[in-house]
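Reviewing the structure listed below.
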There are 2 protein chains.
Amino acid sequence: MYEGPVQDLIDELARLPGIGPKSAQRLAFFLLSAEKTDVLRLADALVQVKEKVGFCSRCHNVAAGELCRICQNPRRDPKVICVVEEPRDVIAVERTQEFTGLYHVLGGALSPLDGITPERLHLAELLDRVRAAAVTEVILCVNPTVDGEATAAYLARELAPLEGVSVSRIASGLPVGGDLEYADEITLGRALAGRHAV
Amino acid sequence: MYEGPVQDLIDELARLPGIGPKSAQRLAFFLLSAEKTDVLRLADALVQVKEKVGFCSRCHNVAAGELCRICQNPRRDPKVICVVEEPRDVIAVERTQEFTGLYHVLGGALSPLDGITPERLHLAELLDRVRAAAVTEVILCVNPTVDGEATAAYLARELAPLEGVSVSRIASGLPVGGDLEYADEITLGRALAGRHAV
């Protein structure tokens, strides 16, 4: 066992996902010999993120205030909503610079076996938003995984009765720059099924 | 880019060794949805380790005060000194429960190509300790690597003229090229027990 504060730091670091006891020990010794100001800046960043950052009351993205930066932007088109699982997916879509609407972050995907039922996600809030605002298009941008597909199917069924709202799902297929030879058969099957005229 | 405090946390986490931008992002989102008290405890552990932990003035191990816990222990035999490279190596040797003397942490191994010359390590302090106290045995417990062996050879030469001090090197029960930190306690215990004069 290490001196109290060192062991405490190792224990706290080892609680983080993907960091085992050995990595925690290695990080703790790195921090022990690092510049004090650097370590205090990390400590402050941790405090700040819990003090200042919450979730957007409209789209559930991370937000430093009541609304996130995207919901606050008057140039974003409020008639189009892109539905994603996690806040990091918002960043991934933003990076394409192809989307100018708003987002809705579900907070995960349906997974009954893991106890993720519709009540655990921000699904009802999405339906309320679509009903309340003049939304014309909902893009289901959840992951092409079993759970994501189940979530998309659930949302498509719930959104179907709403008039004047078109619901779409992002295309599945080969990644750009990918190689047919290394594609798995399900992805390639989807790519074939989703073929379009040129 | 994320909201200011989130991006700040990602940037700070990404400075840690072995944590790339993607891991930093993943950790930041984990911390964002973690309990506030847990995150503040981690922040506090970081502050505490920099506020309270320094290095032992005698053996250069990590210490919460002037002397480390091992140097403070009156039941440890001050006539035997185990020389290791890093504080984590002290823990590795302690785990064998085969050693009851004191330690001397060099702070690394000689590596002229990386600029680690004898002046950069606590080598002179070791020689002073051995000269000043009634030390009868010095165990060179540095890693069985090229740099470690060079350090052991250097120390063996420096210690040779001192009267009444036997100098030994741990047995090569450890795989050559290995690292003390990852040795299991039985192997390391055997290596200690089978030490031989140099």
Side-chain angles (χ1 to χ4, degrees), chain A residues 1-13 15-19 22-23 25-56 61-65 68-70 86-88 90-92 94-95 107-108, chain B residues 1-13 15-19 22-23 25-56 61-65 68-70 86-88 90-91 94-95 107 181-182:
Chain A
M1 294 298 280
Y2 292 90
E3 304 278 341
V6 182
Q7 191 62 45
D8 290 347
L9 180 59
I10 294 174
D11 292 345
E12 292 300 329
L13 289 169
R15 290 166 185 271
L16 298 175
I19 296 187
K22 281 280 175 194
S23 308
Q25 188 179 313
R26 193 168 285 264
L27 284 173
F29 277 108
F30 169 83
L31 291 162
L32 209 56
S33 28
E35 282 294 323
K36 186 171 175 178
T37 51
D38 289 346
V39 178
L40 296 185
R41 218 169 45 238
L42 171 57
D44 187 54
L46 287 163
V47 173
Q48 292 301 318
V49 95
K50 296 313 278 188
E51 297 284 348
K52 294 203 180 142
V53 180
F55 293 93
C56 175
N61 188 9
V62 292
C68 74
R69 290 200 296 205
I70 295 166
E86 302 288 349
R88 59 175 171 257
V90 170
I91 304 296
E94 282 296 284
R95 237 184 270 123
Chain B
M1 295 296 283
Y2 292 89
E3 304 277 342
V6 182
Q7 191 62 45
D8 290 347
L9 180 59
I10 293 174
D11 292 345
E12 292 300 330
L13 289 170
R15 289 166 186 272
L16 299 176
I19 295 187
K22 281 278 173 196
S23 308
Q25 189 179 313
R26 193 168 287 262
L27 284 173
F29 278 109
F30 169 83
L31 292 162
L32 210 57
S33 25
E35 282 294 322
K36 186 171 176 179
T37 50
D38 289 346
V39 178
L40 296 186
R41 218 169 44 236
L42 170 57
D44 187 55
L46 287 163
V47 173
Q48 291 301 319
V49 95
K50 295 314 275 188
E51 298 284 350
K52 296 205 180 139
V53 180
F55 294 93
C56 176
N61 187 10
V62 293
C68 73
R69 290 200 296 205
I70 294 165
E86 302 286 351
R88 59 175 174 255
V90 170
I91 304 296
E94 283 296 285
R95 236 185 271 125
E181 191 190 353
Y182 295 111

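Chain letters run A, B, ... following the sequence lines, proteins first, then strands; residues in each count from 1.
- For A/Lys22, the NZ atom sits in a packed shell: over 12 heavy atoms of surrounding residues, nucleotides or ligands are nearer than 6.0 Å.
- Most heavy-atom pairs under 4.5 Å with chain A, from the set B/Ala63, B/Gly18, B/Ser33: that is B/Ala63.
- Residue B/Asp44: no heavy atom, backbone or side chain, is found under 4.5 Å from chain A.
- Contact tally against chain A (heavy-atom pairs below 4.5 Å) for B/Asp38, B/Val62, B/Leu13, B/Asp8: the top residue is B/Val62.
- If you measure heavy-atom distances from B/Leu42 to chain A, the contacts under 4.5 Å come from both the backbone and the side chain.
- If you take CD on A/Glu86 and CZ on B/Arg26, they are separated by 9.5 Å, rounding to the nearest 0.5 Å.
- Neither the backbone nor the side chain of B/Ile10 comes within contact range of chain A; no heavy atom of the residue lies under 4.5 Å from a heavy atom of that chain.
- By number of non-hydrogen pairs under 4.5 angstrom with chain B, the leading residue of A/Glu94, A/Gln48, A/Gln25 is A/Gln25.
- To the nearest 0.5 Å, atom CZ of residue B/Arg41 and atom CZ of residue A/Arg15 are 4.5 Å apart.
- In this structure a side-chain-to-backbone donor-acceptor pair under 3.5 Å is present from A/Lys50 to B/Leu31.
- Distance check, rounded to the nearest 0.5 Å: OG of B/Ser23 to CD1 of A/Ile19 gives 8.0 Å.
- Heavy-atom distances place the side chain of B/Lys52, and not its backbone, under 4.5 Å from chain A.
- Here the shortest heavy-atom pairing between A/Arg88 and B/Phe29 reads CB-CE1, 3.8 Å.
- In this structure, A/Leu40 and B/Leu46 have side chains that are not in contact, with every pair of non-hydrogen atoms separated by 4.5 Å or more.
- Interface residue B/Leu9: backbone and side-chain heavy atoms are both found under 4.5 Å from chain A.
- When all heavy atoms are compared, the tightest approach of A/Ala43 to B/Val47 is CB-CG2, 3.8 Å.
- No other option in A/Pro87, A/Gly107, A/Gly54 has as many heavy-atom pairs under 4.5 Å with chain B as A/Pro87.
- With respect to chain A, the highest number of heavy-atom pairs below 4.5 Å among B/Ala45, B/Ala28, B/Gly4, B/Cys68 belongs to B/Ala45.
- When heavy atoms are compared at a cutoff of 4.5 Å, A/Asn61 does not approach chain B at all.
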